[in-house]
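Presented below is the structure to which this report refers.
Each chain gets a letter, A, B and so on, in the order its sequence line appears, and its residues count up from 1. Owing to the predicted nature of the structure, the values given are computational and were not obtained by experimental measurement.
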2 protein chains.
Amino acid sequence: MSTDLALRARTFRELNERGGLLLPNAWDAASARVFESAGFPAVGTTSAGIAYTRGFRDGQRTGRQMMIDEIANIARALSVPVSADIEAGYGDSPADVTETVLAAVDAGAVGINLEDNTQGGAKPLYAIAAQQERVAAARAAGSRRDIHVTINARTDPFLLGLGAGEEERVQMTLERGRAYIEAGADLVFVPLLVAPDPVRRLSEAFGGRLSLMILPGAPSASTLFAAGARRLSLGQTAMLASLGTVQAVARELLETGTWSAIEKTFFGFGEAEKLFS
Amino acid sequence: MSTDLALRARTFRELNERGGLLLPNAWDAASARVFESAGFPAVGTTSAGIAYTRGFRDGQRTGRQMMIDEIANIARALSVPVSADIEAGYGDSPADVTETVLAAVDAGAVGINLEDNTQGGAKPLYAIAAQQERVAAARAAGSRRDIHVTINARTDPFLLGLGAGEEERVQMTLERGRAYIEAGADLVFVPLLVAPDPVRRLSEAFGGRLSLMILPGAPSASTLFAAGARRLSLGQTAMLASLGTVQAVARELLETGTWSAIEKTFFGFGEAEKLFS
């Protein structure tokens with residue numbers, strides 16, 4: 001254990017416990033440094049964004065090593081704590097999760113997102129008891145490196161549109177979230193949930209340990225924090241906004257041979273060089 | 001030699017000889033696929049953009065292997081021809097250039113940018129005769145793989161602001177560009193040159209074999225093509241526009257807890273997945 005890693009781990013845990021945490025998700029060292037230099041106290045990674053940079057679709061298609069390599073690349077570029085999106089842990093067993101969390105911590109991460117989505121397995125979600133073992137394995141892996149790794153335990157009833165309707169999804173999320181907290185999760189992460197009413201109910205049930213992802217058209221951060229979210233992350237949305245900029249540049253260049261789309265959000269040659277020392 | 005590589009090499013050579021070539025420069029597989037799917041017939045890479053994604057400043061700081069790995073990643077994701085920015089070839093000697101060009105071609109590239117900037121060497125530019133040997137080494141390396149690698153020979157009097165003024169820079173560029181064409185270059189690439197008058201003079205001197213890079217505020221593509229440019233590339237400018245989008249997202253999130261900057265150029269979750277099959 002490096003002292004620096006221990007310090008980052010404590011800092012990140014405190015940021016999550018304090019609440020009101022806005023966590024941007026990076027897909028390479030450049031986006032990570034832009035977020036850090038803008039003033040964010042911590043940076044997450046986005047598995048979807050990283051997959052796209054390597055030419056893969058989302059959903060564990062990069063494999064463990066490629067994802068860990070990019071987590072290391074991002075962590076190396078930053079001074080602030082990094083939380084790693086390790087998808088479903090690149091394997092079903094608790095031992096797979098152990099291996100992935102140890103690799104993520106050794107790559108410099110002090111937090112993880114671990115999902116219960118089987119990513120194409122026989123059932124859409126791991127059985128609750130199995131996922132509890134996987135969360136416990138992540139907790140134990142952090143302990144083997146002498147840190148409290150902040151576990152953002154993702155559950156996907158909303159993302160996958162499971163159940164007959166919102167009420168059933170809320171109940172599934174309640175049951176799973178409580179079980180994951182019991183197994184050692186710090187937060188329960190519910191992507192695609194942004195409606196204030198269910199946010200309030202789930203936050204109360206989880207003692208405030210609720211983590212959400214922003215979406216185009218979602219209520220503002222202050223509304224979601226007021227409803228009980230403790231952390232708001234960006235997922236792949238900032239990466240997709242940057243891809244939209246690339247597409248606007250591409251289309252304008254092909255259609256009119258001009259580049260006002262580049263001028264509109266140009267970062268500056270010298271400013272970019274200054275991101276890296 | 002794969003037939004596919006030979007076909008891409010011929011296609012790319014023809015695109016460059018025909019002229020009016022708009023070449024966008026990618027820094028990862030995602031940006032590359034956005035450019036390809038928008039309709040560009042070929043894609044270049046940007047060494048500066050790739051360096052930033054790995055946490056380095058521009059100027060050969062990634063080293064040869066890291067740059068080649070990313071060129072391979074980009075080429076794997078595309079069906080259109082790829083031209084690789086190999087900076088100054090990662091070494092001074094013709095043998096260094098040979099090794100780099102062979103690696104770039106084996107990574108899937110059928111064109112290269114090779115610069116005469118020594119990147120911190122004793123003098124700002126390689127001696128003309130030395131750079132001619134380096135260009136010839138690049139040509140020979142392509143032949144060893146049975147392809148005509150399209151050589152965009154970059155010369156940096158304008159980029160480095162050498163000489164007492166524009167006329168002296170034009171003269172230096174004239175002398176060097178002619179020498180590089182004589183050594184086997186297909187095009188002479190003059191970054192930071194966008195003023196139509198010197199563009200006209202240099203294009204005439206090079207028999208039209210002039211390649212330029214767009215800049216914020218530069219005349220439009222049609223003006224630069226009319227003045228005699230045969231190829232216009234984006235360099236790192238699209239990457240910097242995407243970083244500017246990331247910065248706008250970051251600042252808005254920190255200042256107001258909202259994400260209109262994400263909504264403005266959002267690419268779409270499903271659309272992103274569809275980029276990769």
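- Ranked by heavy-atom pairs under 4.5 Å with chain A, the list B/L234, B/D58, B/L22, B/I214 is led by B/I214.
- Residues A/W27 and B/V246 approach most closely at CH2-CG2, 3.6 Å, considering heavy atoms.
- Per-residue heavy-atom pair counts under 4.5 Å with chain A were compared for B/L224, B/L215, B/L78, B/T223, and the maximum is reached by B/L215.
- There is no contact between B/R33 and chain A, counting heavy-atom distances below 4.5 Å.
- Taken from OG1 in A/T245 to CG in B/L240, the straight-line distance is 12.0 Å, to the nearest 0.5 Å.
- Heavy-atom distances place the backbone of B/S277, and not its side chain, under 4.5 Å from chain A.
- If you measure heavy-atom distances from B/A272 to chain A, the contacts under 4.5 Å come from both the backbone and the side chain.
- Both the backbone and the side chain of A/A218 come within contact range of chain B, each with at least one heavy atom under 4.5 Å from a heavy atom of that chain.
- Contact of B/I262 with chain A is made through backbone and side chain together, with heavy-atom distances under 4.5 Å.
- Neither the backbone nor the side chain of B/F225 comes within contact range of chain A; no heavy atoms are under 4.5 Å apart.
- Heavy-atom minimum distance, A/F56 versus B/F276: O-CD1, 3.7 Å.
- Heavy-atom distances place the side chain of A/L275, and not its backbone, under 4.5 Å from chain B.
- Looking at A/T258, the atoms closer than 4.5 Å to chain B (heavy atoms on both sides) all sit in the side chain, from C-beta outward.
- With a 4.5 angstrom heavy-atom cutoff, B/E70 touches chain A only via side-chain atoms.
- Of all non-hydrogen atoms in A/F269 and B/Y52, the two that sit nearest each other are O-OH, 4.2 Å.
- Residues A/L232 and B/L253 form no side-chain contact, since every pair of their non-hydrogen atoms from C-beta on lies 4.5 Å or further apart.
- With chain B as partner, the option from A/T256, A/V34, A/I74 having the largest number of non-hydrogen pairs under 4.5 angstrom is A/V34.
- When atom types are taken as modelled, the side chain of B/Q247 and the backbone of A/A38 share no donor-acceptor pair closer than 3.5 angstrom.
- Contacts between B/V249 and chain A at a heavy-atom distance below 4.5 Å involve the side chain alone, from C-beta outward.
- Closest approach of A/T265 and B/A241 over heavy atoms only: OG1-O, 2.8 Å.
- For B/F40, the parts lying near chain A are the backbone and the side chain together; criterion is any non-hydrogen pair under 4.5 Å.
- A donor-acceptor pair is defined here as one N or O able to donate and one able to accept, closer than 3.5 Å; such a pair exists between the side chain of B/E263 and the backbone of A/G217.
- When all heavy atoms of B/A250 and A/F35 are compared, the closest pair comes out as CB-CD2, 3.9 Å.
- Put simply, the side chain of B/W259 never gets that close to the backbone of A/P216: no donor and acceptor are under 3.5 Å apart.
- Listed for the A/N73 side chain is a donor-acceptor partner under 3.5 Å among the backbone atoms of B/T53.
- Neither the backbone nor the side chain of B/A32 comes within contact range of chain A, judged by heavy atoms closer than 4.5 Å.
- Separation of atoms CD1 (A/I50) and CG (B/D28) is listed at 11.5 Å; rounding is to 0.5 Å.
- Counting heavy-atom pairs closer than 4.5 Å to chain A, the top-ranked of the candidates B/K274, B/R61, B/E273, B/M239 is B/E273.
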